[in-house]
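Because the structure is predicted, anything quoted here is derived from the model rather than measured. For reference, positions follow the sequence shown, starting with 1.
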Amino acid sequence: MTVDQVFREEWAHAVAILTRVLGDLGLAEDAVQDAFTTALERWPRDGVPRSPGAWIVTTARNRAIDRIRRDRVFRQKAELLARLESMPEEEEDVSAIPDERLALVFTCCHPALAAESRVALTLREVGGLTTPEIAHAFLVAEPTMAQRLVRAKRKIRAAGIPFRVPPDHLLTERLRSVLAVLYLVFNEGYAATRGRSPVRGDLCDEAIRLAKLLAVLMPDESEVLGLLALMLLQDSRRDARVGRDGELVLLEDQDRALWNRNRIDEGMRVLERAVSLARPGPYVFQAAIAAAHAEERPREEIVALYDRLAEVDPSPVVFLNRAVAVALAGDVEDGLTLIDQLTDLEGYHLFHAARADLLRRLERRSEAAAAYREAIALVGNEAERTYLERRLREVS
């Protein structure tokens, strides 16, 4: 096992443990970073320890003690040292420390933080991505992302955001924030808002990995499993979503032979478990819709699932997707009428792209061309723009 592998697997675990002890996410991160720096120096020479994660926690503890002892102005110095020194000194005893990663997830996704900060902090502290990796993933400058992370950690400290799993009466609302962050990461990979490719596999993989971690930590939460199932089922189409020329391929035109059967089977198993737990929520219904596509169920069944989804999540985007489903089920005019009612989405490129497609199907070519131009003016991804420009040429 390499240091890089251990970093990915143990970073969040170590940061969570040290944050619980120190009460300071930034200080905990520094200590764990010091531990991994030491590992890079020692492991190639001495070999990887028998329990790499425990070694990292123990070393981080010692580095934190050294750092606090050297700092003459550190507040609560004696208290922090006492907490650190109460931790197990032997690596064999570290396994007895409770897993604090769930508290870390909720801290990073606290609604007091800006949405972009929640995403960045979750990828950093829970996902173990480096600042350059996160900056690259979201196509921003590294100093910009570094400042975003610094501000988020300062906000946690200044606002006194607690390092804990929320109490039961707050859990449902706070869990929505956590799931929204993971889905934002996945969607940026599944349908990238910027850049040349419409698909970013690295972000899809990271979101699924984090969702699996959350499912392990919260195995009886149906919406956690629903989100994981949704990601798996949508990601099964990854290789079919981009053609050889790099252009976006829509669902109805995809080569199903390219769909990942293992992902589909895993998603179906997770969805079955989610449905068995409680009354379905939005992510469970979205996963059920993705499963219906995977199984090529009748279009009318998909519309019925959108009806159920709209009951629990009556958002404009859900109504847009339902309208498209109605059109694909054979009622193109009805679908277009439903879309035209969604005036709140006029700044959303997929609203105009969906209108354009239905107008094209109805052979209302000049109106379709105008809608395609609206979509092109709003789209940020180059592969999507190329697809829309080709459609525009077809109707012009």
Side-chain angles (χ1 to χ4, degrees), residues 115-116 119 134-141 144-145 180 183-204 207 230-231 234-235 237-255 286 289-290 293 315-328 332 335-336 338-396:
E116 61 183 18
V119 170
I134 303 169
H136 175 73
F138 287 89
L139 303 179
V140 301
T144 300
M145 184 56 68
Y183 201 32
L184 278 171
V185 175
F186 179 81
N187 272 331
E188 186 58 31
Y190 182 75
T193 55
R194 291 168 289 180
R196 293 183 177 278
S197 174
V199 178
R200 293 287 309 281
D202 55 339
L203 283 178
C204 291
L230 173 61
M231 290 179 180
Q234 287 186 326
D235 191 59
R237 306 195 290 266
R238 182 194 301 184
D239 292 342
R241 293 190 67 237
V242 184
R244 290 182 180 178
D245 57 357
E247 186 178 300
L248 182 69
V249 181
L250 299 187
L251 176 62
E252 61 184 307
D253 299 320
Q254 289 173 12
D255 180 357
Q286 289 181 71
I289 291 167
H293 284 298
S315 67
V317 172
V318 168
F319 286 121
L320 174 63
N321 291 333
R322 180 187 177 277
V324 172
V326 168
L328 294 179
V332 181
L336 181 60
L338 291 169
I339 287 178
D340 284 340
Q341 296 170 2
L342 302 173
T343 55
D344 289 348
L345 293 178
E346 289 183 355
Y348 183 43
H349 79 280
L350 290 179
F351 166 79
H352 297 286
R355 281 195 77 247
D357 183 63
L358 299 193
L359 288 164
R360 177 183 62 82
R361 291 169 188 265
L362 293 169
E363 298 192 1
R364 292 162 58 176
R365 299 171 69 90
S366 62
E367 293 173 86
Y372 278 124
R373 291 189 187 98
E374 292 276 6
I376 291 166
L378 293 169
V379 73
N381 183 275
E382 292 182 27
E384 282 189 87
R385 181 180 293 107
T386 300
Y387 168 82
L388 293 168
E389 288 172 344
R390 177 172 65 79
R391 285 298 197 192
L392 174 59
R393 290 192 296 271
E394 290 174 358
V395 298
S396 296

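Annotation: side chain of S396 is in contact with side chain of R373 (closest heavy-atom distance under 4.5 Å). The shortest side-chain heavy-atom distance between R361 and L328 falls under the 4.5 Å cut-off. You'll find the side chain of R365 stays beyond 4.5 Å of the side chain of R360, heavy atoms only. At a threshold of 4.5 Å between non-hydrogen side-chain atoms, the residues L203 and Y190 do not count as touching. For the pair L338 and F319, the minimum side-chain heavy-atom distance is 4.5 Å or more. The shortest distance between side-chain heavy atoms of L358 and I339 falls below 4.5 Å. The shortest distance between side-chain heavy atoms of F186 and Q234 falls below 4.5 Å. When side chains are defined from C-beta on, V395 does not count as touching R391, because their heavy atoms never get closer than 4.5 Å.
Comment: E382 does not engage R385 in a salt bridge, judged by the lack of any side-chain N to carboxylate O separation of less than 4.0 angstrom. Using a cutoff of 4.0 Å between basic side-chain nitrogens and carboxylate oxygens, E384 and R390 are not scored as salt-bridged.
Here the CZ-CD distance, from R355 to E374, works out to 8.5 Å after rounding to the nearest 0.5 Å. To the nearest 0.5 Å, atoms SG (C204) and CE (M231) are separated by 9.0 Å. Once rounded to the nearest 0.5 Å, the distance linking CD of E116 with CE of M145 reads 8.0 Å. We find the CG-OH distance between N381 and Y387 to be 13.5 Å, quoted to the nearest 0.5 Å. Note: L230 CG to I289 CD1 = 9.0 Å, rounded to the nearest 0.5 Å. The line from CD of E346 to CZ of F351 is 5.5 Å long, rounded to the nearest 0.5 Å.
Between G335 and V326, the closest heavy-atom pair is N-CG1, 4.0 Å. Summarising the geometry of L359 relative to L336, their closest heavy-atom pair is CD2-CD2, 3.6 Å, with the distance given to 0.1 Å. Residues L320 and A354 approach most closely at CD1-CB, 4.1 Å, considering heavy atoms. The two residues L388 and A353 come nearest to each other via the heavy atoms CD2-CB, 3.9 Å.
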Candidate pair V119 and V185, rule side chain to side chain contact (heavy atoms under 4.5 Å, CB included), full reasoning: CA-CA 7 Å; V119 170; V185 175; 3.8 Å; yes
Side chain to side chain contact (heavy atoms under 4.5 Å, CB included) between D357 and Y372, intermediate numbers included: CA-CA 8 Å; D357 183 63; Y372 278 124; 4.3 Å; yes
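No more than 12 heavy-atom neighbours from other residues, nucleotides or ligands sit within 6.0 angstrom of CD on E363.
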